[in-house]
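So you know, we letter chains A, B, ... as the sequences are listed, proteins then strands, and number each from 1.
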Amino acid sequence: MPTALINLSIIDIKLMLAQFAQGLQDVIPESALDRIATASKPLKIKFGADPSAPDLHIGHMVVLKKLRILQDMGHLVQFLVGDFTAMIGDPTGKSETRKPLTSEQVKANAESYKTQVFKLLDPAKTQVVFNSEWLDKLTSREMIKLSAQYTVARMLERDDFQKRFSQERPISIHEFLYPLLQGYDSVVLENDIEMGGTDQKFNVLMGRHLQKEYGKPVQAVITAPLLEGVDGVQKMSKSLGNHIGLLESGQDQFGKIMSIPDTMILKYFSLITDASPEELLQFKFELDSGKNPKFLKEELGVRLVSFLHSPQEAMNAKEAFNRVFSQKLNPEDMPVLSIPPTPTKWTDFMVLHGMAPSKKEASRLIEHGAVSLDGEILRDSLAFFLGKPEQVLKVGKRRFYRFK
RNA sequence: GGAGGGAUUGCAGAGUGGCCAAAUGCAACAGACUGUAAAUCUGUCGGGCUUCGCCCUUCGAUGGUUCGAAUCCAUCUCCCUCCA
C-alpha cells in the first residue's frame with residue numbers, strides 16, 4: 001500500500017498521479033501508473049544523461065519535474081551519468097569526433113549536473129551512478145553475448161538508422177552498441193522504470209528487451225514530449241543555441257522567454273510550469289480573444305524564474321525587462337566603466353571592453369545608430385571618445401554601461 | 001584491394017581562370033515598427049586604414065602554371081560512396 005512507502009493519503013496519491021500523467025507521451029505498459037501508486041517499496045527509476053554537454057536546460061525540466069513527483073511519492077531516482085558511453089565517441093557525426101573525457105572532466109561535469117538537477121530533484125531520493133562502473137569491466141565475451149540479443153533488422157527500425165540506411169548514409173557498427181549499452185545499464189541497475197524524452201524511446205525500450213533476455217524483471221518505459229527551443233522550431237538543445245539554461249540568470253531566462261514565438265506559449269506553460277489543465281484552457285481562451293501575448297509570456301517568465309530562482313528575482317527580471325524594452329529606460333544596474341586616460345577612438349574603446357569583436361564590427365554598430373551616449377546617438381565611427389562620468393553608454397538594445 | 005565523389009567565409013550550399021571577400025538560405029547582429037528580446041519590414045554580416053576609396057588575409061595543405069587561380073596541374077592530408 002502506498003501509505004507504507006510514505007505518509008500520503010489516497011487523495012494525495014490520486015492527485016499526484018494525475019499530475020504525473022498529464023502530458024506524457026508514452027507509458028509502456030499502461031499498468032505502470034498503477035504500479036507507481038501501489039508499490040510497496042520504492043521503485044528504481046532511471047534517468048540517463050550524457051556528460052559531454054553538462055549544461056541542462058529547461059527542456060530537461062519536462063522529465064525532471066515528472067521525476068520529482070515520483071520522488072514525492074516515495075520512489076528512488078537513479079541519475080545515470082553516461083560517462084562510458086560518452087567516451088566511445090561518435091565518429092560519424094559530421095561535426096567533430098567527440099573527444100574522450102578525462103575522469104576529472106567527468107567528475108566535474110557530474111558535480112555540475114548535481115547542482116542543476118537538484119534544483120528540481122530531491123537529493124535524498126536521488127542516487128547518482130556512472131555507467132563506466134560496470135561497462136568498463138564488460139569483457140568482449142560479454143559484449144558478444146549482449147550483441148546477440150538483438151537483430152540488425154530490428155536495430156534498423158530506429159528512425160534515424162532507418163533514414164540513414166535508406167539514404168545510403170553511413171552507420172558505424174559502434175552506433176548499434178549505444179542502445180545496447182544503454183539497455184544493459186537497466187539490466188545492471190535492475191530498474192523498474194526508465195524515463196526520457198521521446199527521442200529516447202527506442203533506447204529506453206531496449207532496456208525492456210534486454211532485461212527480459214537476461215531473465216530480469218522488465219522495466220516500464222515512460223517518455224515525455226520534447227520541448228522546442230526559443231526558436232519554436234527545433235528541439236531545445238545547447239548545440240543549436242536555442243536553449244534556456246537552468247543556471248542562467250533570472251533576467252536572461254525571463255528575456256529569453258519573452259523571445260519565444262507566440263505559438264509556443266501554451267506548450268511552454270504545459271510542459272515547464274505547474275499550470276493546471278483549467279489554467280491552460282483559460283490562457284488559450286485569452287489568447288484567442290485577442291489578449292496581448294506579451295502578458296502571457298510575462299506570466300510564463302515569472303513562473304519559470306520564480307521556480308528556478310525566487311519570486312523576488314522573477315519580479316525584478318520582469319521589471320527590468322519592462323523598464324528597458326517597454327519604457328526604453330536604462331536598467332537600474334549596469335556595469336561601470338572608467339573613462340580612458342588617453343584619447344581613444346570609440347571603436348577601440350568598444351573592442352577593448354568586448355562590446356564588439358572587431359573595430360569593423362564596432363564601426364558597423366555605430367553606423368547603424370546602435371550606439372548612444374545618454375540617449376544621443378553616435379554617428380561618427382571615427383570619432384574620439386568623449387564620455388563624461390555618470391553618462392550612460394548604450395550598445396544595441398540591451399547592453400548598458402555607466403561611466404565613473 | 002579496385003573504381004569514383006568530395007573538402008568553399010558559423011552552418012547549409014552556389015561558384016570551374018579576371019566582373020569573387022565569393023550567389024542564395026539559415027543563424028547572428030543592428031535599425032524601424034510593436035504596450036514582446038514574438039511576427040513583419042530594412043540593413044549588416046573576414047580584418048585593417050588617412051573609409052563611400054585603398055590595403056591585407058581567406059575557398060583542406062604544400063608547391064607549380066599564368067599578367068591574373070576558390071577555379072588549371074602535381075603531391076599530400078582527411079572524408080564519403082560503390083564494387084570486392
> On a whole-Å scale, what distance lies between the P atoms belonging to B:G60 and B:U8?
Replying inline: 6 Å

>> Rounding to an integer number of angstrom, what distance separates B:U44 and B:A27 when you compare their C1' atoms?
In response: 14 Å

>> Tell me every residue that passes salt bridge (charged side-chain N to carboxylate O under 4.0 Å, His left out) with A:Lys125, counting only those two or more places apart in sequence or in another chain.
In response: A:Asp122

>> Between B:A39 and B:G31, how far apart are the two P atoms, rounded to whole Å?
In response: 16 Å

>> Say we look at B:C52 and B:U36: how far apart would their C1' atoms be, to the nearest angstrom?
In response: 37 Å

> Rounding to the closest angstrom, what is the interatomic distance between B:U66 and B:A28 at atom P?
Replying inline: 48 Å

> If we call it a pair only when both distances are under 3.5 Å in a Watson-Crick or G-U wobble match, what pairs with B:G63?
Replying inline: B:C73

> What is the pairing partner of B:A30, taking Watson-Crick or G-U wobble pairs with both distances under 3.5 Å in any strand?
Replying inline: B:U42

> How far apart are the C-alpha atoms of A:Leu382 and A:Ile366, what are their side-chain angles, what is the distance that settles it, and do they pass the side chain to side chain contact (heavy atoms under 4.5 Å, CB included) test?
Replying inline: CA-CA 9 Å; A:Leu382 297 175; A:Ile366 292 174; over 6 Å; no

> Do A:Arg208 and A:Glu213 meet the salt-bridge criterion of a basic N to acidic O distance under 4.0 Å?
Replying inline: no

> Could you state the CZ-P distance from A:Phe295 to B:A38, rounded to the nearest angstrom?
Replying inline: 17 Å

>> Rounded to whole Å, how long is the line connecting atom CD1 of A:Ile244 with atom C1' of B:U36?
In response: 14 Å

> Roughly, in whole Å, what's the span from CZ in A:Arg323 to P in B:G35?
Replying inline: 20 Å

>> Nearest whole Å is fine: how far is B:G35 C1' from A:Glu319 CD?
In response: 16 Å

> Across all strands shown, which nucleotide pairs with B:U24 by Watson-Crick or G-U wobble geometry, both distances under 3.5 Å?
Replying inline: B:A12

> What distance do A:Leu70 atom CG and A:Leu76 atom CG have between them, rounded to the nearest 0.5 Å?
Replying inline: 11.0 Å

> For the rings on A:Tyr401 and A:His353, is their centre-to-centre separation under 6.0 Å?
Replying inline: no

> Does B:U36 have OP1 or OP2 sitting under 4.0 Å from an N or O in the side chain of A:Ser259?
Replying inline: no

>> Please report the distance separating the C1' of B:G13 from the corresponding atom of B:U24, rounded so that it comes out in whole Å.
In response: 8 Å

> Does B:C52 have a Watson-Crick or wobble partner in any strand here, with both distances under 3.5 angstrom, and which is it?
Replying inline: none

>> Would you measure the distance from the C1' atom in B:A21 across to the matching atom in B:G53 and give it in whole Å?
In response: 16 Å

>> According to ring-ring contact (aromatic ring centres under 6.0 Å, His included), who are the partners of A:Phe385, at least two apart in sequence or on a separate chain?
In response: A:Trp346, A:Phe349, A:Phe403

>> Against A:Glu248, only a single residue in A:Lys256, A:Gln253, A:His309, A:His57 fulfils side chain to side chain donor-acceptor pair (under 3.5 Å); can you say which?
In response: A:Lys256

Report each atom pair, protein N/O against N/O of nucleotides 23-32 of chain B, whose distance is under 3.5 angstrom.
none

>> Taking A:Lys114 first and then A:Glu111, would you say they form a salt bridge - that is, a charged N and a carboxylate O separated by under 4.0 Å?
In response: yes

> If you check the A:Asp252 side chain, which of B:A37, B:G47, B:U36 turns out closest?
Replying inline: B:A37

> How long is the line joining CD of A:Glu228 and P of B:A38, in whole Å?
Replying inline: 18 Å

> Across all strands, who's sitting opposite B:U81 as a Watson-Crick or G-U wobble pair, both distances under 3.5 Å?
Replying inline: B:A3

>> For a quick test of reading the model, state the closest non-hydrogen atom pair linking A:Gln22 to A:Ala275 and the distance between them.
In response: NE2-O, 3.9 Å

>> Going by salt bridge (charged side-chain N to carboxylate O under 4.0 Å, His left out), name the residues that satisfy it together with A:Glu228, two or more places apart in sequence or in a different chain.
In response: A:Lys267

Between the protein and nucleotides 49-54 of chain B, which nitrogen or oxygen pairs are less than 3.5 angstrom apart?
unit_1 : atom_1 : unit_2   : atom_2 : d
B:C49  : OP1    : A:Lys359 : NZ     : 2.8

>> Output the rounded distance in Å from NZ (A:Lys256) to P (B:A38).
In response: 13 Å

> Expressed as a whole number of Å, how far does the P atom of B:G18 sit from that of B:A3?
Replying inline: 33 Å

>> Please report the distance, rounded to the nearest Å, between CZ in A:Phe254 and C1' in B:A38.
In response: 13 Å

> Starting at CD1 of A:Ile366 and ending at P of B:U44, how long is that distance when rounded to a whole Å?
Replying inline: 18 Å

> How would you list, by chain and number, every residue that makes a ring-ring contact (aromatic ring centres under 6.0 Å, His included) with A:Phe79, sequence neighbours excluded?
Replying inline: A:Phe47, A:Tyr113

